Amino acid sequence: MNKIEVFTSSTCPYCTKAKKLLQMLNLDYTEHNVDDDFDGMCEELSTTYGKQIQTVPQIIINGHYVGGYTDLEAIHKNGKLKELLK
């Protein structure tokens, strides 16, 4: 089973787009709304994945850091998303 995590904010249009794309692909995901602790999410993901995180959405698939919505869309279009899915 795939583990897809999406870190979101309630006011972010790209978060909505990311969730809609995952839903369109019939992929289950866990949403983490970070409105109450955005800075904590940035710090935790930056430390975990060695990248400077300053925006939402942030998408993790099966432990692989994907990035934001445009990154998700790109790997979907080029076929690499299928490689990340079990």
Side-chain angles (χ1 to χ4, degrees):
M1 181 171 186
N2 292 301
K3 182 178 181 184
I4 301 173
E5 297 181 275
V6 184
F7 294 83
T8 67
S9 171
S10 58
T11 60
C12 167
Y14 287 101
C15 296
T16 301
K17 287 182 175 188
K19 293 184 291 184
K20 283 184 180 181
L21 177 57
L22 292 169
Q23 290 165 359
M24 181 189 79
L25 297 171
N26 293 317
L27 295 172
D28 293 326
Y29 60 89
T30 301
E31 180 177 2
H32 303 281
N33 184 294
V34 297
D35 286 340
D36 292 335
D37 192 16
F38 179 79
D39 292 338
M41 180 273 307
C42 291
E43 184 177 326
E44 180 182 337
L45 293 181
S46 293
T47 300
T48 301
Y49 295 101
K51 300 186 182 296
Q52 188 66 22
I53 307 294
Q54 298 179 332
T55 61
V56 287
Q58 293 299 315
I59 302 159
I60 315 296
I61 299 177
N62 294 326
H64 176 81
Y65 175 78
V66 172
Y69 167 71
T70 55
D71 302 304
L72 176 64
E73 183 181 44
I75 67 169
H76 167 60
K77 287 182 177 179
N78 69 20
K80 292 185 180 179
L81 179 58
K82 289 182 182 179
E83 295 173 18
L84 293 178
L85 299 171
K86 295 179 182 173

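No experiment lies behind these values; they were computed from the predicted model shown.
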Visitor: Just how far is it from atom OG1 of T70 to atom CD1 of I75, taken to the nearest 0.5 Å?
Guide: 11.0 Å
Visitor: Tell me every residue that passes salt bridge (charged side-chain N to carboxylate O under 4.0 Å, His left out) with E43, counting only those two or more places apart in sequence or in another chain.
Guide: none
Visitor: With sequence neighbours left out, write down each residue that passes side-chain contact (heavy atoms from CB on, under 4.5 Å) with M1, or none if nothing qualifies.
Guide: none
Visitor: What pairs of residues pass the ring pair (Phe, Tyr, Trp, His ring centres under 6.0 Å) test when at least one of them lies in residues 16-63, not counting sequence neighbours?
Guide: F7-H32, Y49-Y65
Visitor: How far does CD1 of I4 sit from OG1 of T30, to the nearest 0.5 angstrom?
Guide: 9.0 Å
Visitor: Roughly how far, to the nearest 0.5 Å, is CG of L22 from CG of L27?
Guide: 6.0 Å
Visitor: Are V66 and V6 connected, step by step, through hydrophobic side chains (Ile, Leu, Val, Met, Phe, Trp, Tyr) whose heavy atoms are closer than 4.5 Å?
Guide: yes
Visitor: What pairs meet the salt bridge (Lys or Arg N to Asp or Glu O under 4.0 Å) rule with one or both residues in residues 11-33, with sequence neighbours excluded?
Guide: K19-E31
Visitor: Given the rule that I, L, V, M, F, W and Y join up when any side-chain heavy atoms are under 4.5 Å apart, are I60 and M41 in one cluster?
Guide: yes
Visitor: Just jot down the side-chain hydrogen bond (donor to acceptor under 3.5 Å, both in side chains) partners of T55, sequence neighbours excluded, or say none.
Guide: Q58
Visitor: For residues 49-58, which residue pairs qualify under salt bridge (Lys or Arg N to Asp or Glu O under 4.0 Å), counting only residues two or more places apart or in two chains?
Guide: none
Visitor: How close do C15 and P57 get, heavy atom to heavy atom, and via which atoms?
Guide: SG-N, 3.6 Å
Visitor: Give me the atom names and distance for the closest heavy-atom approach of D37 to G40.
Guide: OD1-N, 3.1 Å
Visitor: Under 3.5 Å, which donor-acceptor pairs link side chains of residues 78-86 to any protein atom two or more places apart or in another chain?
Guide:
residue: N78; atom: OD1; partner: K80; partner atom: N; Å: 2.9
residue: N78; atom: ND2; partner: A74; partner atom: O; Å: 3.4

Visitor: Does any part of the side chain of V56, heavy atoms only, come nearer than 4.5 Å to the side chain of T8, both counted from C-beta?
Guide: no
Visitor: Taking only residues two or more places apart in sequence or in another chain, which ones pass side-chain hydrogen bond (donor to acceptor under 3.5 Å, both in side chains) with S10?
Guide: D35
Visitor: Applying salt bridge (Lys or Arg N to Asp or Glu O under 4.0 Å), which residue pairs with at least one partner in residues 64-77 are found, sequence neighbours left out?
Guide: E73-K77
Visitor: Can you tell me how far the CG atom of L45 sits from the CD atom of Q52, to the nearest 0.5 Å?
Guide: 11.5 Å
Visitor: Not counting sequence neighbours, list each pair that qualifies as a salt bridge (Lys or Arg N to Asp or Glu O under 4.0 Å) and has a residue in residues 3-14.
Guide: none
Visitor: With heavy-atom distances below 4.5 Å as the criterion, would you say the side chains of L72 and I61 are in contact?
Guide: yes
